Every structure is written in C-alpha cells, then in structure tokens.
Amino acid sequence: MKPTNIGVPSFRDSEREYLEVAVLTVQFRPNAKVPRLLELIHRAIPYPLLLVASFHDEGKASLSVSVAHKRFNQGEAGKFVLDEILTTSAIELDALPSASAQCFMAAMSLSNQPNKDLYALYQGWADCIIGLAIAGIVGRFVLPASPEQTKEMRTFMQNRALLLSELSNLRSQAIKEKQMNRLVVLNLSIKRLESQLVANQSVLFAP
C-alpha cells in the first residue's frame, strides 16, 4: 500500500521512514514454530508489514494478525531495528468468531484506520491488536482513545504478564510445600497478587 494507491501520505522523521506498507499472507505447515517464523518474516521485509498467518493450533485451523514498527539502525546505514511484534492470539477459522473477534475484524478495515500518514495508519492496526488482547481479559473489545492510552494498555499487558508468571511460580511452590507456616506465607502472597491483578484492571478499564 502506497500513497499513490490508498491516498495516505508517506511518513518520515529522524527515527522512521514509512514510504509504503506491505501486506502479506502466509500459510504454515502443521507443527510449524509460528512465533519464530513470524519474527523471521517481519525481520526479512524492510517495510512495515501487516502479516496474516494461517496455521493449525491444537489441530484447529486458525489465523493470526501481526504488526511490528521498524526504525532506523543508528549504527548501520540502510538497516532497521524491529520494535516489539504485536500478534493476536489464534483466531479459529472453522467456528463462529466471538463478538470480540468480529469487532476486531471490523475495526481492522482500511477505511477505519487513521489517514494522517502511513505511520498513523499502521499504528491504528497495532491498536486493534492491543484491543483484541484486552478483550481477552475484560470481555469487550476496547480501542485506545489516544497514544497515551495505547502506552497505558501496553504497560498493563506487560505488568499483567509479569504478575501471572509470578503467580504461576508461587502456585507451583504451594503445591509442593510441606511446611504449614511456609504454605501460609505463599497463599498470602498468591492472594495479594490476585488482588493486584483485579485492582490494575479496575483502574485502567473501569466501565
């Protein structure tokens, strides 16, 4: 997609150059290492890329959509650095899409994206992916209302991942723990983290 065929201006600043956006569909074989392959494809193409991948997830035909902003490599001319890859969870193809998945697919329409420039358009797709990830937590598709809220949502997701990882470790320890006093301490820590998860969600995504 270029300014000449979609009517959206190109973008360039000291960090990035978005002259066009590539759109690519790929189909992976069963048992493919999907996350690694997605990363390799995003790294191989020197343009901002909207990547739609179809694959089998637990035996079910599924797809995912991913984007990754790219910026200049300040240490090597002509090279770029890949920012975080944002990828949807697997969307099952053979079943009726959930309400959130339907909202996501509608929101991804080119006509629904910002048209200030190609960077803004691409960020619009990134926001849709963030919104679908949030929907898996709060039960409703939520798009960021501003760049500041995009940052808040991403920070929320990162913090949530850390808390869930810590919770998993504590629960594993609790299952194996034999000493009652130590088990009490572990359970209190688990309750504290569970409360923190709920509190973080309530603050950021209050109705």
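We're numbering straight along the sequence, starting at 1. Heavy atoms only: backbone and side chains are in, while hydrogens, waters and symmetry mates are out. The structure presented is a predicted model; accordingly, all values stated were derived computationally and were not measured.
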Within one Ile-Leu-Val-Met-Phe-Trp-Tyr cluster: Ile85 and Leu132, side-chain cutoff 4.5 Å: no
Distance-minimising heavy-atom pair for Pro3 and Pro9: CG-C, 4.1 Å
Sidechain N-carboxylate O distance under 4.0 Å for Lys70, Glu17: no
Euclidean distance, Glu166 CD relative to Gln196 CD, rounded to 0.5 Å: 8.0 Å
Nearest-0.5 Å distance, CG of residue Leu51 to OG1 of residue Thr87: 8.0 Å
Taking every non-hydrogen atom, the tightest pair across Ala106 and Asn112: O-ND2, 2.8 Å
Phe104 side chain near Thr88 side chain, heavy-atom distance below 4.5 Å: yes
Side chain to side chain contact (heavy atoms under 4.5 Å, CB included) assessment of Val67 paired with Ile129: CA-CA 8 Å; Val67 298; Ile129 293 174; 3.8 Å; yes
Nearest-0.5 Å distance that lies between atom OG in Ser189 and atom CD in Gln173: 9.0 Å
Qualifying residues under side-chain hydrogen bond (donor to acceptor under 3.5 Å, both in side chains), relative to Arg160, sequence neighbours excluded: none
Flag side-chain contact, heavy atom, 4.5 Å: Ile134 against Phe141: no
Main-chain N/O of Gln179 paired with Glu177 side-chain donor or acceptor, under 3.5 Å: yes
Smallest separation among heavy atoms of Ala120 and Pro114, with atom names: O-CG, 3.6 Å
Sidechain-backbone polar pair: Asn187 side chain, Val184 backbone, donor-acceptor under 3.5 Å: no
Aromatic ring pairing Phe55/Phe28, orientation class (parallel under 30°, perpendicular over 60°, tilted between): tilted
Connected via hydrophobic side-chain network under 4.5 Å: Ile91 and Val23: yes
Phe72 side chain near Phe80 side chain, heavy-atom distance below 4.5 Å: no
Tyr122 side-chain N/O to Asp117 backbone N/O, donor-acceptor pair under 3.5 Å: no
same_hphob_cluster(Leu38, Leu50) at 4.5 Å side-chain heavy-atom cutoff: no
Atom pair CD1/OG of Ile190 and Ser168 - distance to nearest 0.5 Å: 10.0 Å
Steps toward side chain to side chain donor-acceptor pair (under 3.5 Å) verdict (Ser62, His56): CA-CA 6 Å; Ser62 303; His56 282 80; over 6 Å; no
Single-linkage hydrophobic cluster, 4.5 Å side-chain cutoff, Met157 and Val142 together: yes
Rounded distance [0.5 Å steps], CG in Asn73 versus CG in Leu82: 12.0 Å
Stepwise side chain to side chain contact (heavy atoms under 4.5 Å, CB included) test for Val65 and Trp125: CA-CA 9 Å; Val65 180; Trp125 279 331; over 6 Å; no
All side-chain hydrogen bond (donor to acceptor under 3.5 Å, both in side chains) counterparts of Gln123, not counting sequence neighbours: His69, Asp127
Nearest-0.5 Å distance that lies between atom NZ in Lys60 and atom CG in Asp57: 8.0 Å
Pair Leu19-Phe11, side chain to side chain contact (heavy atoms under 4.5 Å, CB included): steps then yes or no: CA-CA 6 Å; Leu19 304 180; Phe11 174 86; over 6 Å; no
Validation row: Leu167, Asn169 side chains within 4.5 angstrom (heavy atoms): no
Stepwise salt bridge (Lys or Arg N to Asp or Glu O under 4.0 Å) check, Lys151 with Glu148: CA-CA 5 Å; Lys151 293 179 182 179; Glu148 292 72 25; over 6 Å; no
Test item: Arg16 and Asp83 side chains (from C-beta on) under 4.5 Å apart, heavy atoms: yes
Check: Val26 and Val52 side chains under 4.5 Å, non-hydrogen atoms: no
Ser109-Ser111 side chain donor-acceptor pair, cut-off 3.5 Å: yes
More than 12 heavy atoms from other groups under 6.0 Å of CG on Asn181: yes
Short side-chain to backbone donor-acceptor contact, Gln149 and Ala145, under 3.5 Å: yes
Steps toward side chain to side chain contact (heavy atoms under 4.5 Å, CB included) verdict (Leu143, Cys128): CA-CA 6 Å; Leu143 282 176; Cys128 290; 4.1 Å; yes
Pair Arg171 + Glu194: basic N to acidic O under 4.0 Å: yes
Joint cluster assignment, Leu164 & Met153, ILVMFWY side-chain distance < 4.5 Å: no
Met1 side chain near Leu110 side chain, heavy-atom distance below 4.5 Å: yes
Heavy-atom check, side chain of His42 versus side chain of Leu40, under 4.5 Å: no
Candidate list Leu193, Leu188, Val185, Ile175, test side chain to side chain contact (heavy atoms under 4.5 Å, CB included), partner Leu170, passing option: Leu193
